[in-house]
Amino acid sequence: MTMIQTSLPKRDPSARLENWSRAFYRFRQSWLSVIGLAIVAVLIVIALVAPLIVPYPEHVAGATDTAARFMPPSAEHWFGTNALGQDMFSLVLVGSQVSLFSGLAVVIIAIAVGGLVGAVAGYFGGWVDETLMRLTDLLLTIPSLILAMAVAAALGTGILNMIIAISITWWPAYARLIRGEVLVKKEEQFITAARALGAGPGRILGRHILPNIISPVVVKASLDMGFAILTVASLGFVGIGVRAPVPEWGTLLSTARGYMPDYWWTALFPGFAIFLAVLAFNLLGDGLRDVLDPKARR
Amino acid sequence: MIRYVIRRLLLLVPMLLGLSVIVFAIARLLPGDPAALAAGPNATPEVLASVQREFGLDKPIPLQYWDYLTGLVQGDWGVSIFTRRPVFEDIVTFLPATLELVAAAMLIAIVLGIPLGLAAAVWRNGVLDYVTRTVSLGGIAMPRFFLGLLLQLCFVTWLDILPLSGRFPLIDLPPEEITGFYTIDSLLTGDWYALRVSLAHLALPALAMSLSPLATIIRMMRASTIEVLQQDYIMTERALGLSSRLILFKYVLKNAMTSTLTVIGLYVSWLLGGTVLVETVFDWPGLGLYATQAILSQDFMPVIGVTLVIAIIYLLSMLIVDLLYGVFNPKVRSS
């Protein structure tokens, strides 16, 4: 028997480049998206280098300076100091680490779990679909913030526990989204073709369906990043979040609440940081939707 | 129509049953021993065992669930380990405050959001459109607890025209309880002083909570109005010489309302679950504060109860939204 060499048709690299440049062009059309992208990029850079560039790294580690309590914003302390004399500018900058990291982790875990459940339900259908989707629907009716608070409180403080708690309430939405997309895609011709060539469910789902439904998931993920950051800050605000010396925006805001009218700067800057981060991811998500999902354009 | 409502209501039963299983399972699977917490740090093993017996925590978990479920149906929702009061009574006490807050916030959002969204769509790319778009972009991203703090700073510290927190001055007697909504109760009893005071307390928390539904309603209303305005039948009506006002309020508004309704329905439950934050900022004595207290002390029964109540309200509000679809869109009615 002779082997017949066949090569898969290669995609023309210049075509891919053109796709990208076209997508980038469409993205640039809306200056709001560009602003969103710019703020997100700055936030990521800040989160990566914050411990190296902040003026008072020792305050981030938990050191206090009681001689300099409640100093209003000045050249020395841009955002003022808090009740312990810690530099708010340093704390807010380093606080971006917890927010961005846990936001990202929540979205990734939610996509992984929700994707698995949704893909299996959508692909196999029948009673598998029924069971998984009824469970998903039920979880969607539970108030997510209260559930996340309850789980986080029971597991104890700590970034990891907080991420687990929020993820539990987040995956059902992705399961719904991905199931819907899989249901549509599995009826396509190329899936029938792949099946005719003998591909198993794992290969069909992994190699043929999932790459084709990535766009709506990316759009939802970038919009969700903002809300994940908001949820992280909310848990911190009600007092269920990271452990004490680690600076986190919600916790900083909650502490500042007690000193509110007189020492407003301790609350204003962490609160504004949350607002800016959520806004930036929302703008980016809107821009990505315009690029990846032109049908949804308004 | 009535048969449809009854069928939908019957469908709620298995959903609630499943919900109770899930919530109970989550509460029980979590680490943490409520009996040990209730008995205190210095409890002897005998005391611990008696506390466990008192709350039925020594029985096997499926049996505990059965006890819980049968109690649930009879209005016995367990006892809060910390307040030592029946959970059902606690919820009945705290629910009206939360409902009043959510209703006020939704009222603000709907009354402002629908006309603003409509106007933004009609005068597209005008000044109003840009203003509302900016507000709604910011409104979605604004954390409610931060907004609450800013409102307190502005209206309490600087302008000094509204009270800082709470639902009613502690030294005064709240209005006679009829519905549990202080504003409505004081209206019903004709107590103008109470009405003024309760509205003043309600204003800031309701405002803090209304911004994000307001932003979403404006966005939805604007998008769907623009879509409806481009439909052929609107052009036909224009060609028939109907006045713009008649077209807008009779035909466009009705059709644009459907998608906005869904958002409103979803927001009711989202707000109910999210009152926790606003109630914390304003010390509003509602379900959110109650749940937070219970969660921080790992008191399971109130957490389960509050979760179930909010889920029931969510399911009911979705049912109402589905029924309202029929009012706005006859096509849905027949199917």
Side-chain angles (χ1 to χ4, degrees), chain A residues 32 36 134-135 137-156 165 168-169 223 226-227 229-231 233-240 249-250 253-254 256-257 260-262 264 267-268 270-283 286 296 298, chain B residues 14-16 18-19 21-23 26-27 29-32 133 137-138 140-150 152-153 156-158 164 219 222-223 226-227 269-270 272-277 280-281 287-288 291-292 294-298 300 303-304 306-308 310-312 314-315 318:
Chain A
L32 279 176
R134 287 298 82 77
L135 183 71
D137 284 346
L138 282 176
L139 278 172
L140 280 172
T141 62
I142 298 178
S144 56
L145 188 60
I146 292 182
L147 180 60
M149 279 168 63
V151 176
L155 291 176
I168 288 178
T169 65
L223 286 170
F227 292 112
I229 290 174
L230 198 56
T231 311
S234 307
L235 287 190
F237 186 75
V238 289
I240 309 162
W249 293 337
L253 194 55
S254 146
R257 209 190 127 215
M260 198 24 194
D262 301 327
W264 50 268
L268 197 67
F272 193 68
I274 304 170
F275 171 68
L276 201 66
V278 179
L279 182 69
F281 277 102
N282 283 356
L283 293 178
D286 278 349
R298 284 148 299 142
Chain B
M15 286 208 76
L16 289 176
L19 201 66
V21 175
I22 289 181
V23 177
I26 292 172
L29 287 176
L30 291 174
R133 254 151 77 186
L137 271 175
I140 293 174
M142 191 70 173
R144 272 162 294 165
F145 44 95
F146 184 45
L147 181 63
L149 288 176
L150 291 181
Q152 283 181 335
L153 195 62
V156 182
T157 313
W158 294 340
L164 178 70
R219 274 183 113 168
R222 178 180 177 275
I226 287 174
E227 207 186 304
S269 77
W270 193 78
L272 273 175
T275 49
V276 174
L277 300 166
T280 307
V281 174
L287 275 191
T292 312
I295 286 168
L296 290 176
S297 45
Q298 311 219 349
F300 287 135
V303 181
I304 303 178
V306 170
T307 310
L308 279 179
I310 294 179
I312 291 170
Y314 168 78
L315 291 171
M318 289 323 282

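So you know, we letter chains A, B, ... as the sequences are listed, proteins then strands, and number each from 1.
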Examine whether an atom of B:I140 lies under 4.5 Å from a heavy atom of chain A, and if so say whether it belongs to the side chain, the backbone or both; otherwise answer neither.
-> both
Honestly, the part of B:I22 sitting under 4.5 Å from a heavy atom of chain A is side chain
Interchain contact, A:I146 with chain B, by part (heavy-atom threshold 4.5 Å) = both
When only pairs under 4.5 Å are counted, which of A:G250, A:A153, A:S234, A:A277 shares the most heavy-atom pairs with chain B?
-> A:S234
Under a 4.5 Å heavy-atom cut-off, does chain B meet the side chain of A:A233, its backbone, both or neither?
-> both
Please report the shortest heavy-atom distance between A:L138 and B:M15, naming the atom on each side.
-> CD2-O, 3.2 Å
Do you know the tightest heavy-atom contact between B:T307 and A:P143?
-> CG2-CD, 3.8 Å
Contacting moiety of B:V306, where chain A heavy atoms sit under 4.5 Å | side chain
Whatever's closer than 4.5 Å to a heavy atom in chain B on A:L276 counts as neither
With sequence neighbours left out, the residues meeting side-chain hydrogen bond (donor to acceptor under 3.5 Å, both in side chains) with B:R133 are B:D129
Between A:N282 and B:L137, is any pair of side-chain heavy atoms under 4.5 Å apart?
-> no
Under 4.5 Å heavy-atom distance to chain B, tell me which part of A:L268 shows up: side chain, backbone, both or neither.
-> both
From CG (B:L149) to CZ (A:F237), nearest 0.5 Å | 5.0 Å
Residues in side chain to side chain contact (heavy atoms under 4.5 Å, CB included) with A:L147, at least two apart?
-> A:I142, A:V151, A:I168, A:T169, B:I26
Using non-hydrogen atoms and a 4.5 Å limit, figure out which bit of B:L153 sits close to chain A: side chain, backbone, both or neither.
-> side chain
Contact class of B:L315 relative to chain A, heavy atoms under 4.5 angstrom | side chain
Most heavy-atom pairs under 4.5 angstrom with chain B, which of A:V278, A:L253, A:L139, A:T141?
-> A:T141
Looking at B:F146 and A:A267, what are the two nearest heavy atoms and their distance?
-> CE1-O, 3.7 Å
Bottom line for A:F227: the part with an atom under 4.5 Å from chain B's heavy atoms is side chain
